[in-house]
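Protein chains get the first letters and strands the later ones, always in sequence-line order, with residue 1 at the start of each.
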Protein chains: 2
Amino acid sequence: MKTVTMADVAQHANVSKSTVSQYLNKRFDYMGEETKKRIEEAIKELGYRPNILARSLKQKSTTTIGVIVANILHSFSTQVIRAIEDMCHESDFHTIVCNADDDPIKEKKYIEMLRAKQVDGIILLPTGDNKDLYNDMLKEKYPIVFVDRTVPGVNIPSMLLDNEKAAGLGVQHLINKGYKQIGVITNVIRNVTPRMERLNGYKKTLQLNGIPIKEEYIKSLEVSKIKDGLREMLSLENPPEAILAGNDLTLIEILKYVKEKNLSIPADLAIIGIDDVSFASFYEPGLTIVAQPAFEIGNKAAEHLLNKIQKRAIPEERLVYRFEPKLIIRESC
Amino acid sequence: MKTVTMADVAQHANVSKSTVSQYLNKRFDYMGEETKKRIEEAIKELGYRPNILARSLKQKSTTTIGVIVANILHSFSTQVIRAIEDMCHESDFHTIVCNADDDPIKEKKYIEMLRAKQVDGIILLPTGDNKDLYNDMLKEKYPIVFVDRTVPGVNIPSMLLDNEKAAGLGVQHLINKGYKQIGVITNVIRNVTPRMERLNGYKKTLQLNGIPIKEEYIKSLEVSKIKDGLREMLSLENPPEAILAGNDLTLIEILKYVKEKNLSIPADLAIIGIDDVSFASFYEPGLTIVAQPAFEIGNKAAEHLLNKIQKRAIPEERLVYRFEPKLIIRESC
DNA sequence: CTGAAAGCGCTTACAG
DNA sequence: CTGAAAGCGCTTACAG
């Protein structure tokens, strides 16, 4: 099947390629009705489909952006992607999604491939370990936005949760409920913003309330080690009565442990999670959690990036955009 | 910042564009060591990054495929996308993901945009309502694969769960456990393959076991109406004792109802779901479910599509590829 | 072993 | 109101 090109349409309609191009780009200012109709018909008859690649080459814009997440299987990533997609769709942009698996080498490869494909900008949940590359893009003024994390020493705008506040909200709620022995478990992915800030929020809130910080109550573990860590913590002679789960994956591991040991929530252990999870409302007991506005974050990231790409002014440009966590109280504490 | 092109590299290295191109494409057969080194250095010094767009235009291949799902927020879609992405990554292909929201108009728009962008093939969770368009692509031999659904009258290869068997496994398990009054709830998205086949599986299995089919035990409802439907069903003078949830969303609604009414599973109501859900294992009681191999399905779809794109022979080509459901027994029935 | 030239399918400034 | 021509940044068949 020979592909139909603009030249074919032009010939068929007895006009020049230029005129067809004008038609396609809706520059009708000076086009005769007659010409318009002929072109329209030729397009229909030949089943012409424009090749956007060729246009992109000429116009130096692909109306496509890249999104690099750690793992599309995480609900936060999914929600961010969906928000970005919707936002882009309104502006007739497309998104290429990549999973870097929190691997700086994969991340670098993806950034290079995306740029080779001439995407107009990139939204990145950065691993944090390609600083030179990030800074190069910054220097070139290549449109790029970070999500979920900031990278020290890299002045790229970042959209992320007010993590300190999120952890603080959770801990304060526990304290208000009368708990004093409060543990926290996060899962370790290097020294990444959310984890560090959430731990800070935890510590600060305890201090504000005059509760001493016990290192035995704080654990950062790989997902597969979380249950062991929790067992250890609960075997202390003075174990925590309540626990803050640093994110959704941690919460799930904790709930698995709860089931295995047949613990009762909140009697044996009060629980509060960060990140909304699908089962929070109908789990028994309902889970109190601190939600982060993933859609808002994705929206803002896309909006910001599109503004940059289209060289529109960015209202109150900042380096870090913080989003408000929201405490949703149920029965788990 | 002026972009560096191949011509710049050629000039800098004192060779022709052709030679640089050979170098980039690793056709070293006849290239002098000296030349090679000069080009390499020129590329480094100038910070040259090839423009794949230009190559794609010439080569008529973008090493990019499109994936159109109903909604990336569904875990099935997410898993399929991730599997496709991984598969593509191995072959240095990229994927553009689009959400059609089960809307045929959006679907059509996306297909056209993707083709305008010259993607080499498309993986589609079809709405089913663009038959002419599907058939056009088939006629042109454009590489395309369906996932999750088949479309009657459209001979495009489809990768999907053996839905009848999936529902059958679930119902048979309930029957083996001694249940005879078994209801089913699915959520309605037009007359789409999975729903129809699952209902068939439900009915056939009942019949095979000599259990009469009661229409009052069968409901297909929008997500927001599921709780109402369940209440109705359970208010029958002879209500079902067990219920099959047609998919993850339905299961979640049922569990919400269970919590609201403080029902006990399985004493008041036995439950079995189709689709693996994150909370199945630690929900109390553990949920018996029929899982579908989403990753395998995504893998196979990508493999098939890449084979077609690269004109490789397809081992035992078929029109419908069925994937095995797997019963995972826990405590909910 | 390397280069000149044509061409991929568009857009756009300019001429008329 | 419309067309001829140059150019976007590559690849490739061919010549030498």
Please classify the nucleic acid contact of T35(A) as base, sugar-phosphate, or nothing, using heavy-atom distances under 4.0 Å. sugar-phosphate
Taking only the side-chain nitrogens and oxygens of N51(B), find out if one of them lies under 4.0 Å from OP1 or OP2 of dC8(D). no
Atom-pair distance (CZ on R49(B); C1' on dC10(D)), nearest Å: 16 Å
Do any side-chain nitrogens or oxygens of T3(A) fall under 4.0 Å of OP1 or OP2 in dG9(C)? yes
Just checking K108(A): does its NZ atom have more than 12 heavy atoms from other residues, nucleotides or ligands closer to it than 6.0 angstrom? no
Side-chain donor-acceptor pair present, K117(B), T62(B), cut-off under 3.5 Å: no
Evaluate the ring planes of H304(A) and Y321(A), with Trp represented by its six-membered ring, and classify them as parallel (under 30°), tilted (30 to 60°) or perpendicular (over 60°). perpendicular
Have S75(A) and T78(A) got a donor and an acceptor in their side chains that come within less than 3.5 Å? no
note: M6(A), atom CE; dG7(C), atom P; distance rounded to Å ~ 17 Å
Any S18(A) side-chain N or O less than 4.0 Å from OP1/OP2 of dA5(D): no
N/O (side chain, S16(B)) to phosphate O (OP1/OP2, dA4(C)) under 4.0 Å: no
Using OP1 and OP2 only, check whether a side-chain N or O of K60(B) sits under 4.0 Å from dT11(D). no
Checking base pairs now: Watson-Crick or wobble, both atom distances under 3.5 Å. What partners dG16(D)? dC1(C)
Any K17(A) side-chain nitrogen or oxygen under 4.0 Å from OP1 or OP2 of dT12(C): no
Whole-Å distance, R55(B) CZ to dG9(D) P, equals 15 Å
From CG of L57(B) over to P of dG7(D), roughly how many Å is that when rounded to an integer? 17 Å
Can you check the Y23(B) OH to dG3(C) C1' distance for me, whole Å? 19 Å
Quick one: is dT12(C) close enough that its OP1 or OP2 comes under 4.0 Å of any side-chain N or O from Q59(A)? yes
Look at the side-chain N and O atoms of S21(B) and state whether any lies under 4.0 Å from the OP1 or OP2 oxygen of dT11(D). yes
Is the shortest distance from a Lys or Arg side-chain nitrogen in K37(A) or E33(A) to a carboxylate oxygen in the other one below 4.0 Å? no
